Amino acid sequence: MNGRTALRWSGYVAVAVAFAIACAFLSNWQFTRNESRSEQLALVEANYDAAPVPVGDLIAAGGEFSPADEWRPVELVGEYLPDQQVLVRNRPHGGTSAFEVLVPFRTEDGRVFVIDRGWVPPATDSPDPAAVPAPPSGAATVVARLKPVEAAPTSGRSAPAGQVPTINLDLVVAEAGLGDETVTSAYGQLVSEDPAPETVPGALPTPTEDPGPHLSYAIQWILFAIMGFVFIWYMIRTEVRHRREDAAEAAAMADAAPAKTASASIGTGAPDAADRPRVPVAASVVPPSLRRRGGGKRDRDMQDEDAILDSSRS
């Protein structure tokens with residue numbers, strides 16, 4: 001193996017190592033997402049169907065919402081403030097850009113909680129909803145599941161009067177004209193109302209129990225890293241095999257050339273033309289003078305034959 005080959009193979013291995021490092025980071029990211037999703041599912045399983053407790057047990061006056069209490073049902077006793085209702089626009093419900101209905105609820109201790117009563121579709125001839133079911137009037141008991149507030153839009157997205165682009169309680173308080181008594185660390189998704197109204201908005205969907213593809217993606221990235229090393233090993237192994245085959249073929253051709261020449265010489269049993277002795281061409285045994293004499297005698301005989309023929313004719 002020469003220096004150029006070693007350098008090339010080192011480059012192959014370096015590429016495989018870099019690819020494996022990238023795969024490791026991506027795999028760890030997917031493992032983290034899978035762990036986070038598993039925690040969310042565990043939280044839903046523990047809290048979603050729990051028995052309702054007074055809202056003051058989870059969010060005391062002046063207290064903050066704990067993320068561990070997400071989806072916990074709480075009971076609120078008081079009355080709705082329908083005149084300060086706010087709609088949240090562009091919510092994906094019913095295959096359309098629906099509206100969620102937020103209505104403030106004043107409890108007996110004077111605090112105000114925002115209740116998400118459900119969703120309503122837009123009108124067929126207008127982007128606004130055709131009708132919004134009213135909440136119960138007067139004293140009411142409400143059961144709702146606690147949810148953390150949503151972030152304010154960063155794109156500058158706004159909404160018409162009486163609407164907000166997201167369930168950010170600071171925006172809701174400003175739009176509804178609520179005071180400092182409003183709890184802004186969490187809101188509630190409606191479970192039930194007593195007394196129950198005749199018409200209610202569409203129920204909000206339950207959280208999905210799908211763990212997502214994060215674990216399978218994490219395993220795939222690990223397999224990709226292994227496949228990278230296997231591919232580099234296959235390339236190097238193939239190159240080594242081809243080099244050995246080429247070397248063996250060259251050696252076989254070099255051994256076959258002199259053996260072929262020797263076998264040809266033994267098979268004919270005759271020396272080469274250069275090794276053969278030169279045989280001189282034999283000189284004529286008839287001297288030139290005799291050759292000339294023989295020719296003269298033949299001429300005289302022919303003349304005698306012609307004379308005999310002439311005499312016979314006469």
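Bear in mind the structure is a predicted one, so any value in this text is a computation, not a measurement.
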Heavy-atom closest pair, residues E70 and L43: CB-CD2, 3.8 Å
In terms of hydrophobic clusters joined by side-chain contacts under 4.5 Å, are W9 and M235 together? yes
Could you report the tightest heavy-atom contact between A159 and R89, atom names first, then the distance? CB-CD, 3.5 Å
What's the separation between atom CZ in R244 and atom CG in D246, rounded to the nearest 0.5 Å? 12.5 Å
Linked, directly or transitively: V120 and L204 (ILVMFWY side chains, under 4.5 Å): no
Between R145 and L190, is there a donor-acceptor pair closer than 3.5 Å when you use the side chain of the first and the backbone of the second? no
To the closest 0.5 Å, what do you measure between CG (L178) and CG (D170)? 11.5 Å
Apply side-chain contact (heavy atoms from CB on, under 4.5 Å) to residues E100 and I167 and explain how you reach the verdict. CA-CA 9 Å; E100 291 185 17; I167 307 180; 3.6 Å; yes
Cluster overlap V149 with V183, hydrophobic side-chain contacts below 4.5 Å: no
How far does CD1 of I232 sit from CE of M227, to the nearest 0.5 angstrom? 12.0 Å
Does P153 reach the side chain of P165, with side-chain heavy atoms less than 4.5 Å apart? yes
Under a 4.5 Å side-chain heavy-atom rule over Ile, Leu, Val, Met, Phe, Trp and Tyr, are V103 and Y187 clustered together? no
Regarding Q189 and W71, is there a side-chain donor-to-acceptor distance under 3.5 Å anywhere? no
Rounded distance (nearest 0.5 Å) linking atom CD of Q40 with atom CD of E209: 13.0 Å
With a 3.5 Å distance limit and no angle check, can you tell me whether N47 reaches the backbone of A68 through a side-chain donor-acceptor pair? yes
Residue R241 excluded, over 12 heavy atoms near CZ under 6.0 Å: yes
On a heavy-atom basis, which atom in E64 and which in S185 lie closest, and how many Å separate them? OE1-CB, 3.3 Å
Has T96 got a side-chain atom pairing as donor or acceptor with A98's backbone, closer than 3.5 angstrom? no
If you count heavy atoms of other groups shown closer than 6.0 angstrom to CH2 of W119, is the number above 12? yes
Under a plain distance cut-off of 3.5 Å, with no hydrogens placed, do T5 and R243 share a side-chain donor-acceptor pair? yes
Decide yes or no on side-chain contact (heavy atoms from CB on, under 4.5 Å) for V132 and Q85, but give the supporting numbers first. CA-CA 10 Å; V132 179; Q85 172 181 284; 3.6 Å; yes
Aromatic ring proximity, centroids under 6.0 angstrom, F105 and Y80: yes
Check: T208 side chain, D210 main-chain N or O, donor-acceptor pair, under 3.5 Å: yes
Sub-3.5 Å donor-acceptor pair from the side chain of N168 to the main-chain atoms of E150, do we have one? yes
If we ignore angles and hydrogens, is there a donor and acceptor under 3.5 Å between the side chains of T107 and D109? yes
Sub-3.5 Å donor-acceptor pair from the side chain of S126 to the main-chain atoms of A123, do we have one? no
The single option from L87, V172, L169 that satisfies side-chain contact (heavy atoms from CB on, under 4.5 Å) with L102 is V172
Is it the case that one hydrophobic cluster holds both I115 and F65, taking links as side-chain heavy atoms less than 4.5 Å apart, direct or via other members? yes
Note: P195 and P136 closest approach over all heavy atoms is O-CG, 3.2 Å
Step by step, would you call L146 with L58 a side-chain contact (heavy atoms from CB on, under 4.5 Å)? CA-CA 9 Å; L146 295 178; L58 300 183; 3.8 Å; yes
Taking everything shown except E245 itself, do over 12 heavy atoms lie less than 6.0 Å from its CD? yes
Note, P211 side chain near L41 side chain (heavy atom, < 4.5 Å): yes
Quick check on F231: does its CZ atom have over 12 non-hydrogen neighbours (other residues, nucleotides or ligands) under 6.0 Å away? no
What verdict does the side-chain contact (heavy atoms from CB on, under 4.5 Å) test give for F113 and V55, after you've listed the backbone C-alpha separation in whole Å, the side-chain angles of each residue and the deciding distance to 0.1 Å? CA-CA 10 Å; F113 285 84; V55 66; 3.5 Å; yes
Smallest heavy-atom separation, A50 atom then P73 atom, equals O-CG, 3.3 Å
Using atom types as modelled and distance alone, determine if a side-chain donor or acceptor of D69 lies under 3.5 Å from a backbone N or O of R72. no
Scan the side chains in residues 11-36 for donor-acceptor partners under 3.5 Å anywhere in the protein, sequence neighbours excluded, and list what turns up.
residue, atom, partner, partner atom, Å
S27, OG, A218, O, 2.9
Q30, OE1, H214, ND1, 3.3
T32, OG1, N28, O, 2.9

Residue pairs passing the salt bridge (charged side-chain N to carboxylate O under 4.0 Å, His left out) test with at least one member in residues 175-201, sequence neighbours excluded, are R117-E193
Could you check whether atom CD of E45 has more than 12 heavy atoms from other residues, nucleotides or ligands sitting under 6.0 Å from it? no
Determine whether R106 and L81 make a side-chain contact, defined as any pair of heavy atoms from C-beta on separated by less than 4.5 Å. yes
Out of curiosity, I59 CD1 to S66 OG, how far, rounded to the nearest 0.5 Å? 9.5 Å
From S97 atom OG to R91 atom CZ, the distance as rounded to the nearest 0.5 Å: 11.0 Å
Do P135 and P82 touch side chain to side chain, with heavy atoms closer than 4.5 Å? yes
